[in-house]
Structure formats: C-alpha cells, structure tokens
**Q** 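First the structure, which I've put down as structure tokens, then a few questions once you've had a look.
A, B, ... follow the sequence lines: proteins, then strands. Residue 1 opens every chain. Source: prediction; values computed, not measured.
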Protein chains: 2
Amino acid sequence: MTTDKNFLRSGCPIVSGLDVFGDKWTLVILRDLICGKETYTELANSPEKIPTNRLAERLRMLESEKIIEKSLYQEKPKRYKYLLTEKGRDILPILQEIARWGNKYIEDTWVPPKWFMQEER
Amino acid sequence: MTTDKNFLRSGCPIVSGLDVFGDKWTLVILRDLICGKETYTELANSPEKIPTNRLAERLRMLESEKIIEKSLYQEKPKRYKYLLTEKGRDILPILQEIARWGNKYIEDTWVPPKWFMQEER
DNA sequence: ACAGTAACTTGCAAAATTGAAGTTATGCTT
DNA sequence: AAGCATAACTTCAATTTTGCAAGTTACTGT
C-alpha cells in the first residue's frame, strides 16, 4: 500500500483513506489500540499474529501520519507506548461499520462488546 | 488477501471483513458499483486505473462471495453487467465512514455527492 | 476485408509480505 | 559474575502478490 503522499491514486476520499490504512494489517493494529493495547509486545501477541517487521513498519507509518504517537514511558531500559491521536480515534466509526457488516454476513464472527459498538461517533 | 474460507486470521468480524474486501482494489470497485457503474469497461476506466487482470480476479471473488452478481444482458456478442446484492449494497455505510474520515483528515479530497453520504443505512 | 469494441487472459518483472532468526539494552537470578 | 529473560525491534531469503503490456475471442459496423 502506498503511503507516499506524493503519489495519489486519486482525490477520492475513500481511495485516499485506503491508501493510508487499507492494507492487511493497519486496521487490525488500530482495533487493538482502540481496545486498550498500548505496547509493541501486546500488539504483536494479538490472535492474528502480525509479523513483527510488518508491525514495526506500520507503527512507523501510523506515527508519521499522526494517527498514533509513540511515547517513552520508561528510560532504562527504553520502553514505549503507542497512543492514538484524535485522528486515530476517529477510525472507530469505520471499524464499527466493518464489524456490523462482518457480524451480519460472515458466520461465526465474535460480537464485539457493547462499549466498542456504541461508543459515541 | 486471503479469500480461502478455510483459513481465517481470527473470528474477529473486522478482520474477517477485511479478509474479504480489505485489499487495495475491492472497495474501489464497490464504490464504483454503488455509484452506478455496471460494466467491466466502466470499472476499468475509473480514474484509479485498476489493472485489468486484478479487476477480473476481484470481480470473480466478489461474485463467489455473493457480494455482486454477474448478469448477461446481451447474447451476441456476450456482454455482462455486474450488479450489487444486498450484501454488497450494505458496504455503503463502511464507504461513507471512510469518506467522512478522508474528507476530515486528508487534504484536497473530493466531497462525495449528498446522495452518497446520506443514503439510508 | 478491416478497424473497432467489450471483456477478458497470459506472461513476466518488480514489489511486497512472510517466517524465522538475530540484535540491543537492561534487569533478574543463582 | 554468568546465564536466562524480556521488550522492542531489525535483517534476510523465500515466497506471494501485483502491475504492466500485449494478446485473445467474438462479434459489429463500414
């Protein structure tokens, strides 16, 4: 997925949005952050098992896009937390609609908790 | 993107949804179909210029997932239309939320027409 | 007979992804 | 003091996926 802002497939807001987060892993990472995960290791341990090099690269991208912020919470040894910005938290309605569709049309999908589906939008 | 129903990354409705339409082109095709395009050539001529082999493959997938239906509208020479099913039309709210986010956070994105953004959900 | 069109398919190079293993810095345990 | 553990990554070879250009099929229209 292209993240090079110099090349745009088009000015369509859907396509431009997808060029930021429309790949195999980014929305999975954002789901986890919205659900309260904060560290690299927590993200790496999700059931979907994202490869760690992919995780690192997507986190770098999300930070450069100002969707998350990387913050050092311990000096020795250095430990980091990843926090959503407002731009990142605003992905929630997209995730809610995908979850709604998934629950409606794909069998045996988990029903997300009420707080996730009904958080203000 | 995996479409093999035998392998699921997880039972998460978001992840399972993404495993159907979360690739570089599928939601672009669905956007076009929702916007009234019907034929292969119309889809191939979108500003994003999807490669034709990719288009053909994604259409096959969408048909096998019952998100669209392929219908012959002319016998000689054979000409086809692609029509959305209810499952396909139900992708609209997802596209609306992505468009909302794109318009809010990405510069110079087109504002979709009102009918697109406000269609019943 | 020839150009044109719709709807694809084929082949190959280039790019992206995966999985496994390695690295760095530090603390904890014996 | 040596060795094991942990967090947060990085590296690399082997796939896998993608993009591009060109080719194909079955007509129609001139």
**Q** Which whole-number value in Å describes the distance from B/Asn53 CG to D/dT18 C1'?
**A**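 About 8 Å, once rounded to whole Å.
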
**Q** With a non-hydrogen cut-off below 4.0 angstrom, is B/Thr41 in contact with a base, only sugar-phosphate, or nothing?
**A**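 Touches sugar-phosphate only.
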
**Q** Residues two or more places apart in sequence or in another chain: which of them pass salt bridge (charged side-chain N to carboxylate O under 4.0 Å, His left out) with B/Asp90?
**A**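 With neighbours one apart ignored, the set is A/Lys104.
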
**Q** Separation of A/Ile50 atom CD1 from C/dT17 atom P, in whole Å?
**A**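 About 10 Å, once rounded to whole Å.
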
**Q** Between atom NZ in B/Lys37 and atom P in C/dA6, what is the gap in whole Å?
**A**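 Distance check: B/Lys37 NZ to C/dA6 P gives 13 Å.
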
**Q** Tell me whether the OP1 or OP2 atom of C/dT18 has a side-chain N or O from A/Trp25 closer than 4.0 Å.
**A**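 Indeed, a polar side-chain atom of A/Trp25 lies that close.
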
**Q** Whole angstrom is fine here: how far is it from CZ in A/Arg9 over to P in D/dG19?
**A**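 My rounded result for the distance is 8 Å.
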
**Q** Whole-Å distance between C/dC8 P and B/Leu59 CG?
**A**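 It works out to 7 Å between those atoms.
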
**Q** Which residue, A/Arg54 or A/Glu75, contacts DNA chain C at a nucleotide closer to its 5' end, judged by nearest heavy atom?
**A**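 The residue whose closest nucleotide sits nearer the 5' end is A/Arg54.
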
**Q** Hey, is the side chain of B/Tyr82 poking within less than 4.0 Å of OP1 or OP2 on C/dC8, counting only N and O atoms?
**A**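 Checking C/dC8 against B/Tyr82, a side-chain N or O does come within under 4.0 Å of OP1 or OP2.
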
**Q** Could you check how far OH of B/Tyr73 sits from C1' of D/dC27, rounded to whole Å?
**A**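 Going from OH in B/Tyr73 over to C1' in D/dC27 covers 13 Å.
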
**Q** Is the distance from OP1 or OP2 of D/dT10 to the nearest side-chain N or O of A/Thr52 less than 4.0 Å?
**A**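 Result: no.
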
**Q** Indicate yes or no for a side-chain donor-acceptor contact from B/Trp101 to the backbone of A/Lys87 under 3.5 Å, with no hydrogens or angles considered.
**A**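 Yes; at least one donor-acceptor contact below 3.5 Å.
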
**Q** Is B/Arg31 salt-bridged to B/Glu48, going by a charged N under 4.0 Å from an acidic O?
**A**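 Yes, B/Arg31 and B/Glu48 are salt-bridged.
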
**Q** Check this one for me: any side-chain N or O of A/Arg60 less than 4.0 Å away from OP1 or OP2 of D/dT10?
**A**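 The answer is yes; a side-chain N or O of A/Arg60 sits under 4.0 Å from OP1 or OP2.
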
**Q** With DNA chain C as reference, determine whether A/Lys49 or A/Lys76 sits nearer its 5' end, using the nearest nucleotide of each.
**A**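 Final value for this comparison: A/Lys49.
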
**Q** Within the structure shown, what part of the strands sits under 4.0 Å from A/Lys70 by heavy-atom distance: base, sugar-phosphate, or nothing?
**A**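 Counting heavy atoms under 4.0 Å across all strands, the contact made by A/Lys70 is with sugar-phosphate only.
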
**Q** Enumerate donor-acceptor pairs with a distance under 3.5 Å from any side-chain N or O in residues 69-84 of chain B to protein atoms, sequence neighbours excluded.
**A**
unit_1: B/Gln74; atom_1: NE2; unit_2: B/Pro77; atom_2: O; d: 3.1
unit_1: B/Glu75; atom_1: OE2; unit_2: B/Lys78; atom_2: NZ; d: 2.9

